[in-house]
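Read the structure below first, then the notes.
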Amino acid sequence: ESFPVGEAEIEHVEVADASAWGTSVALAWTGSHHAMQPSLVVKAASATSFDEFRRAAAGVTCPGLNFVYADVEGTIGYTCTGVFPVRRNGDGTTPVPAGDGDHSWIATIAPEDLPWTVDPERGFLVTANDRPHDDSYPHPLGRDFHTPHRAGRIAQVLDASDDHDVASSAALQTDTVSPPARDMARSIVDLLEPTNEREGIAADLLRGWDGDVRADSTAAAVFQMWSGCLARRLYEGHLQELFERYHADREIWHTMVLPGIVLEASNGDAAHIEAVRAAFDDAIASLGEELGDDVSTWRWGALHRLRLTHPLAAIPGLESLFTAVDVEIGGDETTIANAAFDARHGFDVVVIPSWRAVYDLADLDRSVGVLPAGVSGNPASPHWNDQAPLWLAGRTHPLPFSPSAVEAAATGTLELRPAGSISG
């Protein structure tokens with residue numbers, strides 16, 4: 001199995017005495033020889049030109065990361081960092097024979113040959129964990145990049161206007177529109193044959209759905225439940241490994257596998273048509289059991305909850321004391337406001353943006369940001385979850401930058417002194 005860029009990759013496999021040891025695997029990892037010095041991040045942040053920024057960022061060798069740059073002169077840029085092996089053969093995504101040297105690491109990609117760009121013609125840069133290069137790039141950097149849908153949605157919103165500011169940029173970060181979900185929902189509607197009033201109402205909602213996977217959306221709840229029910233019908237039990245994989249990584253399922261299934265059904269394949277319709281029946285029945293008979297009360301957020309808890313919340317009776325956030329939330333794995341979930345275990349969210357910020361290079365004191373809970377991990381602190389209402393509402397708080405602005409906004413001062421300087 002392959003792993004994300006900059007992390008471990010299976011490089012060699014050796015077979016030992018099967019009766020005693022079974023199969024032995026040799027693992028080659030760039031992290032065994034490279035690491036990231038914290039000071040390099042400071043150097044990158046204090047660079048005064050894009051070239052200086054790239055040189056500093058090149059020192060971030062493991063893990064591989066995306067770095068973006070902007071300055072007060074209007075220059076913007078992107079650079080990929082990390083140490084990536086050049087192999088004699090293969091791309092590191094599958095085990096290979098060891099000992100013959102045919103798959104050895106023979107070099108590393110030079111930092112200047114990693115993907116980068118400065119001042120692109122379209123006027124903005126987008127990085128959303130998607131592949132940072134096109135098909136012409138000669139070096140394999142990995143295979144586990146996210147699909148381009150989140151990056152595409154960001155570009156779509158930015159292209160829609162030439163007038164963006166701090167407020168519109170902050171709003172972009174909370175966008176929950178999923179073009180893949182919208183397209184799939186519209187594709188399946190004509191294949192459905194509603195058998196009761198609830199199914200008819202749900203089908204009509206999908207037909208007119210704009211793909212906004214917001215927390216209060218009934219159509220989103222119907223689509224997400226139908227998608228899961230279809231995966232179960234097709235794979236659970238007889239293709240259990242595929243079912244586990246598709247439900248653990250729903251992005252693959254939603255954006256690569258599901259479109260093919262729906263296309264086969266649209267082209268008249270009887271088995272796929274039956275599966276689509278039966279899964280819709282399953283979904284409506286499940287929603288009725290979980291959320292009640294009244295379709296108008298169904299909400300995606302009622303299924304899709306965010307829970308941020310302290311480890312001590314696992315102790316029975318202490319749950320409420322150590323739970324910072326327990327709320328309904330919109331989005332999924334394909335939306336800008338990423339709210340992915342492992343559907344093998346229900347719809348509870350397992351991935352969220354851990355920090356939202358907008359930096360105004362015209363006046364850094366106008367910058368804003370927000371955390372999903374608070375700056376303290378101590379449940380007894382007033383800052384344990386005081387930012388949660390802002391984060392959930394898509395709002396932010398000021399991020400003062402200049403010394404005078406920081407001093408004006410300060411509510412207290414903490415002095416750290418060497419032990420020897422403390423007087424009795």
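Nothing here was measured: the structure is a model prediction, and the numbers come from that model.
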task = Would you check if Thr323 and Leu308 make a side-chain contact, meaning some heavy-atom pair closer than 4.5 Å?
result = no

request  = May I ask you to decide if Leu206's main-chain N or O and Arg186's side chain share a donor-acceptor pair within less than 3.5 Å?
outcome  = no

key: Polar side chain donor-acceptor pair, Gln224 to Arg250, under 3.5 angstrom   = yes

remark   = For Leu230 and Val276 the tightest heavy-atom approach is CD1-N, 4.0 Å

key: Closest non-hydrogen atom pair, Ala302 against Leu291   = CB-CD2, 3.7 Å

remark   = All heavy atoms of Thr218 vs all of Trp298, minimum pair found to be OG1-O, 2.7 Å

inquiry  = Per the salt bridge (Lys or Arg N to Asp or Glu O under 4.0 Å) rule, what does the pair list look like for residues 111-120, sequence neighbours excluded?
reply    = none

inquiry  = For His397 and Trp355, take the angle between the two ring planes, folded into 0 to 90°, and tell me which bin it lands in: parallel under 30, tilted 30 to 60, perpendicular over 60.
reply    = tilted

Sidechain-backbone polar pair: Asp281 side chain, Ile284 backbone, donor-acceptor under 3.5 Å = no

ask   = Roughly how far, to the nearest 0.5 Å, is the CG atom of Leu114 from the OG1 atom of Thr108?
value = 9.0 Å

ask   = Just checking, is any N or O donor in the side chain of Asp332 or Thr334 under 3.5 Å from an acceptor N or O on the other one?
value = yes

query = Per the ring pair (Phe, Tyr, Trp, His ring centres under 6.0 Å) rule, which among Trp209, Phe223, Phe341 passes with Trp300?
reply = Phe341

note = What one should report as the nearest heavy-atom pair of Asn385 and Ala324 is ND2-O, 3.0 Å

task = For Arg305, check salt bridge (charged side-chain N to carboxylate O under 4.0 Å, His left out) against everything at least two apart and list the hits.
result = Asp326

key: Test item: Glu319 side-chain N/O and Gly317 main-chain N/O as donor-acceptor pair under 3.5 Å   = yes

ask   = Aromatic rings His133 and Phe145: how do their planes relate, parallel, tilted or perpendicular, breaks at 30° and 60°?
value = perpendicular

Heavy-atom pair of closest approach, residues Pro140 and Asp91 = CB-CB, 4.3 Å

message = Run the salt bridge (charged side-chain N to carboxylate O under 4.0 Å, His left out) test on Glu52 and Arg54 for me, step by step, so that the C-alpha distance in whole Å, both residues' side-chain angles and the decisive distance to 0.1 Å come before the verdict.
response = CA-CA 5 Å; Glu52 184 181 346; Arg54 282 197 72 209; over 6 Å; no

inquiry  = Let me confirm one number: the CZ-NE2 distance from Arg131 to His146, rounded to the nearest 0.5 Å.
reply    = 14.5 Å

task = Return each pair, listed once, that meets salt bridge (Lys or Arg N to Asp or Glu O under 4.0 Å) where at least one residue sits in residues 291-302; pairs must be two or more places apart or across chains.
result = Arg198-Asp293, Arg299-Glu328

key: Leu371 to Ser354 - nearest heavy-atom pair and separation   = CD2-O, 3.5 Å

message = Going by salt bridge (Lys or Arg N to Asp or Glu O under 4.0 Å), name the pairs with one or both residues in residues 153-170, residues two or more places apart or in two chains.
response = Arg153-Asp175

task = Decide whether Tyr69 and Asp71 meet the rule of one side-chain donor and one side-chain acceptor closer than 3.5 Å.
result = yes

Pairing of Asp204 and Arg207 as salt bridge, 4.0 angstrom limit = yes

Salt bridge (Lys or Arg N to Asp or Glu O under 4.0 Å) contacts touching residues 350-360 (sequence neighbours left out) = Asp360-Arg366

Side-chain touch Arg182/Asp212, heavy atoms, less than 4.5 angstrom = no

message = Hydrogens and angles aside, do Thr335 and Thr176 bring a side-chain donor and acceptor to less than 3.5 Å of each other?
response = no

inquiry  = Could you tell me if Asp134 and Ser136 have a donor-acceptor pair between their side chains, going purely by distance under 3.5 Å?
reply    = yes

task = Taking Thr79 for its side chain and Phe67 for its backbone only, find out whether a donor-acceptor pair lies under 3.5 Å.
result = no

inquiry  = Just by distance, no angles: are the side chains of Glu333 and Asn338 close enough, under 3.5 Å, to form a donor-acceptor pair?
reply    = no

task = Output all residues satisfying side chain to side chain contact (heavy atoms under 4.5 Å, CB included) with Thr147, sequence neighbours left out; order by chain, then residue number.
result = His149, Glu251, Thr255, Met256

query = Counting distance only, does the side-chain N/O of His304 pair as donor-acceptor with the main-chain N or O of Ala339 below 3.5 Å?
reply = yes

